[in-house]
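In listed order, ligands and their atoms are each counted from 1. Heavy-atom basis, side chains included; hydrogens, waters and symmetry copies ignored. The chain is numbered in sequence order, starting from 1. Just so we're clear, the structure is a prediction, and the values are computed from it rather than from any experiment.
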Amino acid sequence: MQPDQQFLRIPGPTPVPPSVQRAMNQPMIGHRDQETKDLLHRIKPKLKPVFGTEQDVLIIAGSGTAGLETAVVNAVHPGDEVLVIVTGAFGDRFVQICNEHQIETHRFDIEWGEAVKPELIADYLRQHTGIKAVFATFCETSTGVLNPVKELADVIHKQSDALFIVDGVSAIGGADVKMDDWGIDILITGSQKAMMLPPGLTFAVVSERAWQVIETNDRPSFYFNLTKYRKQLENDATPFTPAVSLLFGLKQVLALFEEEGLDTVFARHERMKNMTRAAFRALNIPLLTTDQAASPTVTAVRPDDFDPDALRNELKKEFNMTVAGGQQHLKGHIFRIGHMGYCSPADILQVIGIIEVALNKIGKTVKLGTGVGAAQEMMLSGGI
Ligand SMILES: Cc1ncc(COP(=O)(O)O)c(C=O)c1O
């Protein structure tokens, strides 16, 4: 093991491409100077296709949770009732944020590892007509589920006037999304996942419908006030000091997306998902989710005859490879492999190959090459 060689395969933060790292090394510039305005001016149009929107993408310095809280405090008026779909730890986070702000919150729990069925939400909205906003998680990072956001938007808008607010933190940049066409009202993401940047930025996009609600909301928020970000971005600026170095990096990330082509980026993520799943199937090690519910950005594995944390410890100790464990009640029961952002099918062969060695070392005997071979077959067949 080389001491400074990291194999970072958690679902965020993710590895940063060398060209992005270099871009972030540029000398600092004045945050109110023309150079920063030029930077934002160039970034603005190129961010839109990543979110599938014609709206400006607002950039806020803060982690993904800052984006989630921004959505809550701007879009929910005092006294409003909201519905939060909880498919794992990050749906649960939306509930915690709403509780913190004393919002009347309906919590709709789905078994962890499953995706929400849109018809259940249609039924719920039919029975609870006062709901003003529905919150959902696109990729539920804690389980590796990709929720059917497009179908959810359909039923929510058919059944109610509620805003549809989506946490896309571990999906955007790795999974296709058409915010405007699908009818998402607020879409949030963070920088440190499929956006290939270090942690520190959160992004928020707001539909026209949602702006109407936000503009009449007098809920006090100084830093997370979306109308301030919108007004400033119209002049290629931010209301508070932007994370300038991350903006340098973001410009380069968008150049990489453009060079590869967004469709190719999304197809690469599908391929990595399919290779990972094929490998564990061949190894006879159960996956947490069905193929239909599986996210292209993270895969959760639920072994039934070895301790996932023993595997994770071995991977870290022997190979400096990090995969994630389970959260809340799945702690000690699953491990999760992130395959998003600066990650390619070749990296999947490496992860699986190293996991096979580590499994044998912790006493779970597998025939070496079984998972790698299945992943290679998938790769060779195109992987989709
Ligand atoms: C789906 C999802 N939402 C929200 C967050 C929270 O983001 P942060 O840790 O950047 O605050 C994460 C982070 O893992 C996430 O995966």
Side-chain angles (χ1 to χ4, degrees), residues 8-16 50-51 58-73 84-100 109-110 112-116 134-149 152 164-175 177 179 184 186-205 223-224 243 246 249-250 253 269 273 288-289 293-300 322-328 330-331 334-341 343:
L8 187 60
R9 289 289 161 242
I10 57 175
T14 60
V16 174
V50 183
F51 293 77
L58 308 176
I59 307 170
I60 303 167
S63 83
T65 307
L68 304 189
E69 185 155 18
T70 299
V72 171
V73 296
V84 182
I85 303 168
V86 180
T87 52
F90 293 102
D92 185 56
R93 184 161 303 180
F94 258 143
V95 172
Q96 289 179 41
I97 295 170
C98 290
N99 286 344
E100 194 76 28
D109 277 288
I110 303 290
W112 287 35
E114 287 177 15
V116 61
V134 179
F135 292 86
T137 316
F138 194 1
C139 168
E140 179 44 80
T141 325
S142 61
T143 62
V145 158
L146 193 76
N147 280 303
V149 160
L152 280 171
F164 183 37
I165 299 171
V166 176
D167 168 354
V169 170
S170 59
I172 305 306
V177 64
M179 167 164 174
I184 298 171
I186 300 185
L187 181 57
I188 302 295
T189 198
S191 51
Q192 77 273 26
K193 303 203 180 230
M195 296 298 287
M196 304 194 285
L197 286 164
L201 291 182
T202 186
F203 303 84
V205 198
Y223 188 76
F224 296 136
L246 292 172
L250 176 58
V253 164
H269 283 80
K273 169 190 81 175
L288 181 66
T289 67
S295 168
T297 56
V298 50
T299 296
T322 318
V323 300
Q327 290 173 278
Q328 299 189 19
L330 289 182
K331 205 172 173 41
I334 63 168
F335 65 95
R336 294 171 297 144
I337 300 173
H339 36 77
M340 67 180 108
C343 187

Inset, instruction - Grab the two heavy atoms, one from R336 and one from V323, that are nearest each other, plus how far apart they are. - result: O-CB, 3.5 Å
Inset, instruction - Give the minimum heavy-atom separation between S170 and T141, together with the two atoms involved. - result: OG-OG1, 2.8 Å
Which of the numbered atoms in ligand 1 are under 4.0 angstrom from any heavy atom belonging to [X]?
X    : value
S63  : 8 (P), 10 (O), 11 (O)
T141 : 1 (C), 2 (C), 15 (C), 16 (O)
G64  : 7 (O), 8 (P), 10 (O), 11 (O)
R93  : 6 (C)

Legend entry - Heavy-atom gap C139 to ligand 1 smaller than 4.0 Å: yes
Inset, instruction - Examine distances only and state if a side-chain atom of T14 and a backbone atom of K193 form a donor-acceptor pair shorter than 3.5 Å. - result: yes
Legend entry - T65, portion touching ligand 1 at heavy-atom distance under 4.0 Å: both
Inset, instruction - May I ask you to identify, for E140, whether its side chain, its backbone, both or neither come under 4.0 Å of ligand 1 on a heavy-atom basis? - result: neither
Legend entry - Candidate pair V72 and F94, rule side-chain contact (heavy atoms from CB on, under 4.5 Å), full reasoning: CA-CA 8 Å; V72 171; F94 258 143; 4.1 Å; yes
Legend entry - Distance from atom 3 (N) of ligand 1 to nearest protein heavy atom, with residue and atom: D167 OD2, 2.6 Å
Inset, instruction - Please write down residue, atom name and distance for the protein heavy atom closest to atom 12 (C) of ligand 1. - result: F90 CE2, 3.3 Å
Inset, instruction - Could you pull out, from Q327, Q192, K193, the option with a heavy atom nearest to atom 9 (O) of ligand 1? - result: Q192
Legend entry - Spacing of I110 atom CD1 and T143 atom OG1 [to the nearest 0.5 Å]: 11.0 Å
Inset, instruction - Indicate yes or no: at least one non-hydrogen side-chain atom of F203 is less than 4.5 angstrom from one of I172. - result: no
Inset, instruction - Evaluate the criterion side-chain contact (heavy atoms from CB on, under 4.5 Å) for residue pair F51 and I184; output intermediate values, then yes/no. - result: CA-CA 10 Å; F51 293 77; I184 298 171; over 6 Å; no
